[in-house]
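Inspection log for the structure reproduced underneath, given as structure tokens.
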Amino acid sequence: MSEFRIHHDVNELLSLLRVHGGEGAEVYIDLLQKNRTPYVTTTVSAHSAKVKIAEFSRTPEDFLKKYDELKSKNTRNLDPLVYLLSKLTEDKETLQYLQQNAKERAELAVNATASGSISFTIPSATSKISMQELEELRKQLGSVTTSSSVQQPLELIRKILRDKQNKKNSGQPIPVFPAWVYERSALNGDFLTGSSLSTDTTVPIGTLPLASQESTIVEDLLYVLIGVDGRYITAQPLIGRQNRAFLVDPNLDMSVKELVTRILPVAASYSTVTRFIEEKSSFEYGQVNHALAAAMRTLIKEYMILITQLEHLQRQGLLSLQKLWFYIQPTMRTMEILASLATSVDKGECMGGSTLSLLHDRTFNYTGDSQAQELCLYLTKAASVPYFEILEKWIYRGIINDPYSEFMVEEHELQKEKIQEDYNDKYWDQRYTVVQQQIPSFLQKMADKILSTGKYLNVVRECGCDVTCPEAKEVIYTLKERAYVEQIEKAYNYASKVLLDFLMEEKELVAHLRSIKHYFLMDQGDFFVHFMDLTEEELKKPVDDIIPTRLEALLELALRMSTANTDPFKDDLKIDLMPHDLITQLLRVLAIETKQEKAIINADPTELTLSGLEAFSFDYIVKWPLSLIINRKALTRYQMLFRHMFYCKHVERQLCNVWISNKAAKEYSLHSAKWFAGAFTLRQRMLNFVQNIQYYMMFEVMEPTWHILEKNLKSASNIDDVLSHHTSFLDNCLKDCMLTNPELLKIFSKLMSVCVMFTNCMQRFTQSMKLNNEMGRLTLEHGTMLGPPTEQERAEEVVKKQLTNKLLAEHADAFQLTSGFEATINKFDSNFSTHLLDLLDKLSVYSTNDCEHSMINIIYRLDFNGFYTERLEHISAQRSQKVVSEAPLLPRVVVATQ
């Protein structure tokens with residue numbers, strides 16, 4: 001069971017039990033996934049569970065009756081449910097809760113229906129219900145149930161089915177029989193109750209001698225056995241789905257009456273089967289039921305031939321009641337089985353695959369009774385022919401031709417063009433889905449392969465290539481599953497190979513993935529140097545001020561000027577400006593189905609103005625059918641990785657620019673350069689951190705994982721394997737790059753913010769120092785509006801420049817000291833060190849507790865000489881000492897700082 005299915009079932013159960021608040025479904029889902037064990041239902045375990053519930057129940061007869069009814073309808077997963085209920089009977093705490101819950105729900109239901117037309121007098125919950133009150137309540141409920149469960153007319157059922165099928169097949173309406181087929185009841189071969197067609201005067205049978213009674217009754221029986229009322233044996237009107245009952249003249253001799261009673265069940269079975277054949281022959285009930293009805297009609301013809309032969313003997317006076325009983329006995333078992341099957345199909349409202357499941361299960365249940373098993377096998381083979389025709393078209397050509405919704409695979413109208421826009425990628429998962437109730441039980445194990453086989457071929461067909469499996473053979477039902485299992489396996493292998501070869505060779509899937517890797521995983525170094533140089537000024541602007549077409553033009557220029565020019569798919573790369581920064585986007589994804597989801601979703605996205613760098617991302621145009629693999633969900637993962645690495649590259653460039661600008665500051669003779677040396681050291685530590693993080697992500701995460709992906713793609717046998725490997729590659733990259741852990745993500749974000757603020761601060765300082773000097777230089781070189789400077793003006797300017805430089809150096813040093821620039825640098829250092837130590841601490845915890853061994857490589861790279869380890873141990877020791885005794889710790893700290 002998938003995690004989605006568990007989540008859905010748990011939520012539905014909580015809704016049914018009216019459980020609100022608490023931890024929600026997540027806690028129960030985790031418990032189920034950790035503690036579930038596989039359970040295989042056997043006949044013995046199901047029987048013992050049924051016995052246990054019957055012993056526990058106050059009304060075991062009702063429970064057993066309901067169980068038999070559901071069993072006759074071939075209800076799916078009935079035995080596992082009974083086993084679960086038997087386990088619940090042993091859990092007193094759960095039982096007590098369910099009883100209390102049922103009582104509360106019953107009270108709510110009573111209050112809700114109190115204003116209706118039907119009212120019950122229900123005793124209060126605190127008082128005990130007497131047996132008399134309980135019996136009266138049961139009668140009232142039974143009368144309401146009977147009145148509300150009146151069987152719908154067959155015409156109404158047919159209309160509902162017809163409307164449903166016509167809605168699905170809007171272009172091809174379902175054919176229908178003319179109205180007179182249903183109006184002329186004499187055509188269906190069953191009894192015409194309530195009509196008195198016979199005008200013969202009936203002699204009281206009690207006045208006839210025994211021999212005459214026997215011959216008369218034999219004649220009556222021959223009529224009754226073909227659905228015509230006799231003179232002394234008449235059919236009773238049907239009530240609901242009950243079996244046909246007969247009224248025998250009470251004056252008949254008891255010995256004759258006994259034999260008549262034994263023969264009449266054949267007539268009742270004939271009536272049931274005849275009605276079933278006439279009903280299921282309608283187009284509305286589907287091809288499988290129609291085929292089953294046709295097979296039963298063939299058997300009924302043989303039965304009618306037997307009755308005709310018996311009539312011939314009767315006319316010759318050679319058929320006694322004993323002989324009739326002798327001749328009819330072999331047919332009795334056949335008619336009983338046919339009637340039982342017809343009743344089960346009717347009760348279960350079976351169509352298509354569910355009908356075949358019922359027939360298959362009955363065939364297996366009759367193991368040991370060769371005649372009954374052979375009969376069921378004949379019916380199952382006949383009924384499976386139209387189903388297998390649909391199956392053959394699906395697994396051999398990828399076409400569904402299922403006008404009556406009988407097949408296990410259902411097609412939904414979805415547009416494949418939207419696969420590039422839809423984050424959830426519904427096309428591959430929901431264009432074709434499995435309908436559980438239409439899976440024949442003998443194909444249950446192969447259902448996933450049947451679905452995949454047709455999907456693979458359908459994708460190739462939608463690309464304009466007509467494909468047909470070369471090993472296509474007719475699929476025939478047999479008790480030996482290996483026969484059709486082998487056919488399905490061959491078709492699956494062919495379809496897998498066709499689609500895989502089509503994507504890999506003709507559509508160049510690996511080449512497209514490699515192209516995406518070049519750009520989204522920053523594989524092309526020279527391209528990004530060109531691109532970031534060209535777009536640096538543009539991306540500094542607020543996102544609303546950026547012109548996307550200008551960025552597109554700069555992207556095109558960078559592509560043409562770098563080695564990316566040799567990429568045949570470079571024109572598929574596009575610019576995308578996202579509405580959120582990376583951290584917000586990731587937190588929104590990570591908060592799905594958690595308590596923080598609403599708070600994050602409802603947050604105002606306009607609180608902060610995004611810069612172009614924060615909103616910038618690449619996008620990629622993917623065409624069908626490659627969009628099955630490189631779908632919107634995959635592209636979003638690529639974008640997250642790209643934005644993460646792109647911002648790291650931006651921070652690295654900013655730190656390098658600080659290094660370049662700091663060189664200019666060395667020209668000024670500052671009296672106190674201690675704070676400046678600290679700033680240089682901090683810049684180098686930040687640069688070391690960012691570069692090592694980038695190296696780790698690119699060479700220790702993405703490259704090894706990419707090589708594993710390429711290796712897996714070469715050994716993939718079908719498109720689902722390709723999807724799985726590609727998704728696994730992206731998930732591993734996101735996880736190892738710390739993008740799936742909100743705690744690590746927030747710490748890393750703070751570190752990047754500290755680095756950016758530090759670079760901005762240093763740039764402003766160096767810029768202010770250079771400003772006056774630059775202005776002086778420009779004045780001297782360019783002169784004024786009156787013309788070039790004279791020699792005297794040049795001499796004056798030189799004197800002024802020397803004086804200004806001296807004053808500027810002294811003033812700058814004094815200004816920075818007075819304004820607390822040293823304190824600012826120390827604060828940056830403290831914040832950076834604190835966040836970095838926090839990151840290393842958390843990485844150490846996750847690498848050991850959660851077995852995330854790849855993350856420990858970051859610790860080794862950042863803490864190569866053990867500098868941070870000593871500080872972490874020192875901080876840990878300080879924290880532990882503070883917990884024990886905070887007062888004696890203060891002198892030690894002072895001494896340590898001194």
Side-chain angles (χ1 to χ4, degrees), residues 2-3 425 428 452 456 496-497 499-505 507-525 528 564 567 569 572-573 586 589-590 618 620 622 625-646 648-649 692-741 744-745 748 843 846-861:
S2 65
E3 184 177 351
D425 182 20
W428 183 251
S452 299
Y456 295 162
S496 301
K497 186 176 185 304
L499 180 57
L500 199 60
D501 292 346
F502 182 74
L503 289 177
M504 291 291 191
E505 297 173 10
K507 296 299 179 180
E508 301 178 290
L509 172 63
V510 177
H512 276 88
L513 289 174
R514 197 173 286 116
S515 174
I516 289 174
K517 176 176 178 282
H518 290 333
Y519 307 118
F520 285 85
L521 305 186
M522 302 186 72
D523 197 356
Q524 296 279 8
F528 280 100
D567 182 10
F569 310 115
D572 293 332
L573 189 67
L586 283 165
V589 173
L590 295 172
F618 282 143
Y620 200 82
V622 187
L626 290 178
S627 52
L628 290 173
I629 308 297
I630 313 169
N631 49 48
R632 176 48 54 188
K633 191 183 292 185
L635 281 174
T636 303
R637 290 187 173 105
Y638 276 117
Q639 285 179 331
M640 290 176 180
L641 288 167
F642 169 75
R643 297 178 74 186
H644 186 52
M645 295 181 65
F646 187 76
C648 288
K649 180 63 70 175
N692 277 289
I693 284 290
Q694 287 185 91
Y695 181 91
Y696 161 76
M697 289 191 296
M698 295 187 69
F699 296 101
E700 295 188 17
V701 174
M702 293 179 186
E703 280 300 324
T705 315
W706 170 258
H707 287 301
I708 293 172
L709 173 64
E710 283 191 321
K711 181 180 177 182
N712 289 335
L713 289 180
K714 289 178 182 177
S715 61
S717 59
N718 57 63
I719 198 66
D720 285 302
D721 287 348
V722 174
L723 273 167
S724 175
H725 293 320
H726 187 229
T727 304
S728 178
F729 160 73
L730 290 171
D731 288 345
N732 288 335
C733 287
L734 286 168
K735 181 185 68 176
D736 292 339
C737 290
M738 302 179 289
L739 295 180
T740 58
N741 188 313
L744 292 176
L745 189 62
F748 187 82
L843 286 172
Y846 286 121
S847 62
T848 53
N849 295 352
D850 297 344
C851 299
E852 301 293 346
H853 300 304
S854 61
M855 288 186 180
I856 205 168
N857 294 334
I858 309 177
I859 302 175
Y860 291 148
R861 295 199 64 82

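Throughout, numbering of the chain's residues begins at 1 and tracks the sequence.
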Taking it one step at a time, do Asn712 and His726 satisfy side chain to side chain contact (heavy atoms under 4.5 Å, CB included)? CA-CA 9 Å; Asn712 289 335; His726 187 229; over 6 Å; no
In terms of heavy-atom contacts, Gln694 and Met645 come closest through OE1-O, 4.4 Å
Below 30° counts as parallel, above 60° as perpendicular, anything between as tilted: where do the rings of Tyr519 and Phe618 land? perpendicular
Atom pair CG (Leu739) and CG (Leu744), whose distance is rounded to the nearest 0.5 Å: 10.0 Å
Looking only at heavy atoms, the pair that brings Leu500 and Ile719 closest together is CD1-N, 4.4 Å
Any idea how Phe729 and Tyr638 line up, ring-wise: parallel (<30°), tilted (30 to 60°), or perpendicular (>60°)? tilted
Would you say Ser627 and Asn631 are linked by a side-chain donor-acceptor pair, where the criterion is simply a distance under 3.5 Å? no
Over all atoms of both residues, closest heavy-atom pair of Arg637 and Thr727: NH1-CG2, 4.0 Å
For side chain to side chain contact (heavy atoms under 4.5 Å, CB included), just list the numbers for His512 and Ile630, CA-CA rounded to whole Å, side-chain angles, deciding distance to a tenth of an Å, and then say yes or no. CA-CA 9 Å; His512 276 88; Ile630 313 169; 4.2 Å; yes
Would you indicate whether the side-chain heavy atoms of Met697 and Asn692 approach each other to under 4.5 Å? no
Would you say that Leu641 contacts Met522 through its side chain, given a criterion of any heavy-atom pair below 4.5 Å between the two side chains? no
Which heavy atom of His644 sits nearest to which heavy atom of Cys737, and what is that distance? NE2-O, 3.6 Å
Shortest non-hydrogen contact between Ala716 and His725, atoms and distance: CB-CD2, 4.4 Å
I want to check something: taking the side chain as every heavy atom from C-beta on, are Phe569 and Ile516 in contact at a cut-off of under 4.5 Å? no
Glu703 and Lys517: CA distance, side-chain angles, deciding distance, salt bridge (charged side-chain N to carboxylate O under 4.0 Å, His left out) verdict: CA-CA 10 Å; Glu703 280 300 324; Lys517 176 176 178 282; 2.8 Å; yes
Hey, what do you get for OG (Ser728) to CD1 (Ile708), rounding to the nearest 0.5 Å? 8.5 Å
Any side-chain heavy atom of Lys497 within less than 4.5 Å of one from Asn718? no
Would you call Leu713 and Asp721 a side-chain contact if the rule is heavy atoms closer than 4.5 Å? no
Under 3.5 Å: donor-acceptor pair, side chain of Thr636, backbone of Arg632: yes
Starting at OG of Ser515, measure out to CD of Glu508 and round the result to the nearest 0.5 Å. 11.0 Å
Test log, rule side chain to side chain contact (heavy atoms under 4.5 Å, CB included), inputs Asn741 and Leu745: CA-CA 6 Å; Asn741 188 313; Leu745 189 62; 6.0 Å; no
Check: Leu734 and Met640 side chains under 4.5 Å, non-hydrogen atoms: yes
Closest heavy-atom pair, Phe699 versus Pro704, reported as atoms and distance to 0.1 Å, is O-CD, 3.5 Å
Is there a side-chain contact between Met504 and Val510 (heavy atoms, below 4.5 Å)? yes
I'd like to know if the side chain of Tyr620 and the backbone of Phe520 have a donor-acceptor N/O pair within less than 3.5 Å. no
What distance separates Met702 CE from Leu730 CG, expressed to the nearest 0.5 Å? 10.0 Å
State whether a side-chain donor-acceptor pair under 3.5 Å links Thr705 with Asn732. no
Any donor-acceptor pair under 3.5 Å linking the side-chain atoms of Tyr456 with those of Asp720? yes
Within a strict 4.5 Å, meaning less than it, do heavy atoms of the Leu723 and Leu628 side chains meet? no
Can we say Arg514 and Asp567 salt-bridge, meaning some charged N sits less than 4.0 Å from an Asp/Glu carboxylate O? no
With under 30° as parallel and over 60° as perpendicular, where do the rings of Phe642 and Phe528 fit, or are they tilted in between? tilted
